[in-house]
Amino acid sequence: VQRCRIVAAAEVEQSYIMIKPDGVQRGLVGEIISRFEKKGFLLKGLKLFQCSKDLAQEHYKDLKDKPFFPTLIDYITSGPVVCMAWEGVGVVASARKLIGATNPLQAEPGTIRGDLAVQTGRNVVHGSDSPDNGKREIALWFKEGELCEWESVQTPWLIE
Ligand code: UDP
Ligand code: MG
């Protein structure tokens with residue numbers, strides 16, 4: 001309630017964050033979710049999901065002409081992923097910072113990829129690169145009714 005009074009709705013963004021199959025297989029689900037929780041963003045949607053090739057191709061359609069596209073699709077469909085919708089002011093850019101550079105060897109220590117991965121093709125997590133793509137990707141990965149509208153009791157302790 002307080003959040004709505006202080007923050008204009010237009011400023012509130014959503015980012016689609018996804019723990020990739022390597023993150024799930026390596027037991028990093030709790031660790032990765034925890035980083036976004038601790039930062040103070042609001043979790044609006046969460047599910048474990050095995051995606052189809054069609055969905056993976058649609059998600060990464062901007063990369064369809066890249067040489068690594070077929071192996072990327074194999075990777076993303078190789079096991080279950082954890083799909084998340086996170087909300088907050090500035091969440092898209094902030095999540096990209098928390099995630100770190102695409103190549104984990106270049107990602108700063110302290111970032112998810114910098115701390116937990118070594119190779120671009122196994123970089124454990126996805127984050128939307130713009131608010132528009134955040135909307136697009138959340139609509140792609142979540143069905144109607146899968147997101148929750150709720151207020152966190154932490155909000156007044158996160159936003160003045
Ligand atoms: N990728 C890859 N090889 C490359 C570049 C990207 O396998 O040379 C994969 C990697 O999993 C990356 C994803 O394709 O996370 C999407 O690439 P993008 O450039 O959008 O990186 P991101 O936004 O995930 O940092
Ligand atoms: Mg990207």
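Atoms within each ligand, like the ligands themselves, are counted from 1 in listed order.
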Quiz item: Are Asn133 and Tyr16 linked by a side-chain donor-acceptor pair shorter than 3.5 Å?
Solution: no

Quiz item: Of the backbone atoms (N, CA, C, O) and the side-chain heavy atoms from C-beta on, which set of Lys20 has a member under 4.0 Å from an atom of ligand 1: side chain, backbone, both, or neither?
Solution: side chain

Quiz item: Got Phe69 and Gln57 here, is their nearest side-chain heavy-atom distance under 4.5 Å?
Solution: yes

Quiz item: How does Thr102 reach ligand 1, if at all, at less than 4.0 Å between non-hydrogen atoms: by side chain, backbone, both, or neither?
Solution: both

Quiz item: How does His59 reach ligand 1, if at all, at less than 4.0 Å between non-hydrogen atoms: by side chain, backbone, both, or neither?
Solution: neither

Quiz prompt | Test: Lys47 cationic atom under 6.0 Å from Phe142 six-membered ring centre, within 45° of axis | solution = yes

Quiz item: For atom 12 (C) of ligand 1, what's the nearest protein heavy atom and its distance?
Solution: Asn123 ND2, 3.6 Å

Quiz item: Taking the non-hydrogen atoms of Lys66, is any one of them nearer than 4.0 angstrom to ligand 1?
Solution: no

Self-check item: Winner among Tyr60, Phe68, Phe69 once heavy atoms are compared against atom 3 (N) of ligand 1
Solution: Phe68

Exercise. Check whether any side-chain heavy atom of Glu13 sits under 4.5 Å from a side-chain heavy atom of Val92, and report yes or no.
Key: yes

Quiz item: At what distance is the nearest protein heavy atom to atom 10 (C) of ligand 1, and which residue and atom is it?
Solution: Thr120 O, 3.4 Å

Quiz item: Which is closest to atom 9 (C) of ligand 1 by heavy-atom distance: Val124, Asp62, Leu72?
Solution: Leu72

Exercise. Can you establish whether the number of heavy atoms outside Glu146 located under 6.0 Å from its atom CD is more than 12?
Key: yes

Exercise. Among all protein heavy atoms, pick the one closest to atom 23 (O) of ligand 1 and tell me residue, atom and distance.
Key: Arg96 NH1, 2.7 Å

Self-check item: Pairing of Glu108 and Lys97 as salt bridge, 4.0 angstrom limit
Solution: no

Exercise. Select one of side chain, backbone, both or neither to describe which atoms of Leu63 lie under 4.0 Å from any atom of ligand 1, heavy atoms only.
Key: side chain

Quiz item: Is there a side-chain contact between Val12 and Glu87 (heavy atoms, below 4.5 Å)?
Solution: yes

Quiz item: Heavy-atom contacts under 4.0 Å between Arg113 and ligand 1: side chain, backbone, both, or neither?
Solution: side chain

Exercise. Assess whether atom CD of Gln50 is packed by more than 12 heavy atoms of other residues, nucleotides or ligands within 6.0 Å.
Key: yes

